[in-house]
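Note: hydrogens, waters and symmetry copies are ignored here, and every other heavy atom, side chains too, is used. In each ligand, atom 1 is the first atom listed, and ligand 1 is the first ligand listed.
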Amino acid sequence: MIFRAPKGTDDILPPDSRAWRRLLRAWDILAELYGYEWVATPMFESTEVFARGVGEATEVVEKQMYTFEDKAGRLLTLRPENTAGVVRAYIQAGRTGEFKGSYSGPMFRYERPQQGRRRQFWQLGVEYLGTEEVDSDLEVIELGYRFLSEAGLSDVEVHVNSIGDGDDRARYNELLITWLEARRDDLSEDAQRRIQANPMRVLDSKADADVVSEAPTPAEYLSDVTLTHYDLLKSGLRERDITYLEDPRLVRGLDYYNRTVFEYVPQSYQAAQSAVGGGGRYDGLVELLGGTATPGVGLALGFDRILLALGDRPAARALDVFLVIVDPSRRAEAQAFARRLRDSGVRCDLAAGERSVKAQFKAADRGDAAAAVVIGEEWDQGMVKVKDLSSGDERMLAAGDLASWAATSRAGAR
Ligand code: AMP
């Protein structure tokens, strides 16, 4: 009997896991540069948190949640996204005012698995609570854009829209309901069910794209206040040299957004699932989950899709050097040398126990080292032989210079 990972889930093993780690580290560093501190919330929450926070009439809540009863009969759900959880935590901790948090981790949605659509998938995200200022929308969009660009996606276009809030949204919803009711028979069953509960959701239903292509869009009904917010957003994007496209039909799949919504679409990645991330403003969410009214804006990037969009790029080497010990009597010295190298930040490994030189070279290859460092006769003169495992070039180097040599060649390989 061979066990397999559940359908729609993936094992992330080396060498693929290298790109994951690299991006996750880059994410942490960038988020901190912008003042977002790391937060972690449970992978499951009371089902109600998502039912309310994401919205009853959404695809995610209706069809995609992994919901179960625990032994005490509590209804729990594996998190399909992290915004509702972070907001729940903010309220529970009694926080008020501004709060900037970043997270990364697996999310769970019961979807039909395909490329870029997994049942367990990773998201990176930030939430910026406590301000309505358009600067916060811009900061969040810029952070995601910059991350994607530094990750190697240099052709990302940000699709933006404003879906209004308060009165203008209510006015628009009413109009849209009338418009949709008049075409009820042409709509899918799901869309028909959502007309009253959540009409805007019908706009991003793929099955109904033809029918709704003529529907009125939220932007046509924006109040002056919302319009100003939207105009400032767009001029801010221009100031920041962020490539964007206004998409009047963008409403996003989750229920809690108001005003700004956005998605990141890499131009060169034209797969069925083309957005690698998105987000928006959610000024009503804290109140909806039982807190005092607090505005907020956030984004989530889909890690699996970023990697797909990046395509097959040569993975960086796993190790800078692998020590090959010619004479077993030098093992203890070699191990001490390895410790010194690691202290200087050199990624270094060596074989456990006594092995032939040939076996150690094999281990160096298996470990995916950039170079083998041979500890032989010359060691007594403080020298080592360094063999570049890609080109086969060899050179003699003072052992004391190895750390700076490794740092330089690592930077060169990047
Ligand atoms: P959403 O808030 O649903 O738009 O999700 C934000 C991002 O998470 C998307 O743009 C995707 O990159 C990613 N994502 C959402 N659902 C999945 C999934 N089932 N599998 C992989 N990535 C996903």
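- Considering both main-chain and side-chain atoms, Glu111 comes within under 3.5 Å of ligand 1 through a nitrogen or oxygen pair.
- Considering backbone and side-chain atoms alike, Arg109 places an N or O below 3.5 Å from some N or O of ligand 1.
- Considering only non-hydrogen atoms, atom 21 (C) of ligand 1 lies nearest to Gly116 out of Gly278, Gly116, Gly302, Pro113.
- Annotation for ligand 1: atoms under 4.0 Å from non-hydrogen atoms of Val276 are 10 (O), 12 (O).
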>> Go through it in stages, so that I can follow the logic: the residues are Glu174 and Arg171, the test is salt bridge (charged side-chain N to carboxylate O under 4.0 Å, His left out), and I'd like the CA-CA distance, side-chain angles, deciding distance and then a yes or no.
In response: CA-CA 5 Å; Glu174 219 173 278; Arg171 221 157 16 103; over 6 Å; no

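- Classified by interplanar angle (parallel below 30°, tilted 30° to 60°, perpendicular above 60°), the ring pair Phe44/Phe68 is perpendicular.
- Proximity annotation for atom 10 (O) of ligand 1: of Pro80, Gly8, Gly277, Gly277 comes nearest, heavy atoms only.
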Would you give me the side-chain donor-acceptor pairs under 3.5 Å for residues 91-106, sequence neighbours excluded?
unit_1 : atom_1 : unit_2 : atom_2 : d
Gln92  : OE1    : Arg88  : NH1    : 2.7
Lys100 : NZ     : Tyr34  : O      : 2.8
Lys100 : NZ     : Glu139 : OE2    : 2.8

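- Remark: Arg119 qualifies as a cation-pi partner of Tyr110 under the 6.0 Å distance and 45° angle criteria applied to the six-membered ring.
- Trp20 and Trp122 have perpendicular rings, their planes meeting at more than 60° on a 0 to 90° scale where under 30° would count as parallel.
- For ligand 1 and Ala275, the ligand atoms under 4.0 Å from any heavy atom of the residue are 10 (O), 12 (O).
- At a heavy-atom distance under 4.0 Å, only side-chain atoms of Gln123, from C-beta outward, approach ligand 1.
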Would you tabulate the side-chain donor-acceptor contacts of residues 3-12 under 3.5 Å, counting partners in other chains and residues two or more places apart, or write 'none'?
unit_1 : atom_1 : unit_2 : atom_2 : d
Thr9   : OG1    : Pro6   : O      : 2.6
Asp10  : OD1    : Arg118 : NH2    : 2.9
Asp10  : OD2    : Arg118 : NE     : 2.9

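- Of the options Phe121, Trp122, Tyr257, the smallest heavy-atom separation from atom 18 (C) of ligand 1 is shown by Phe121.
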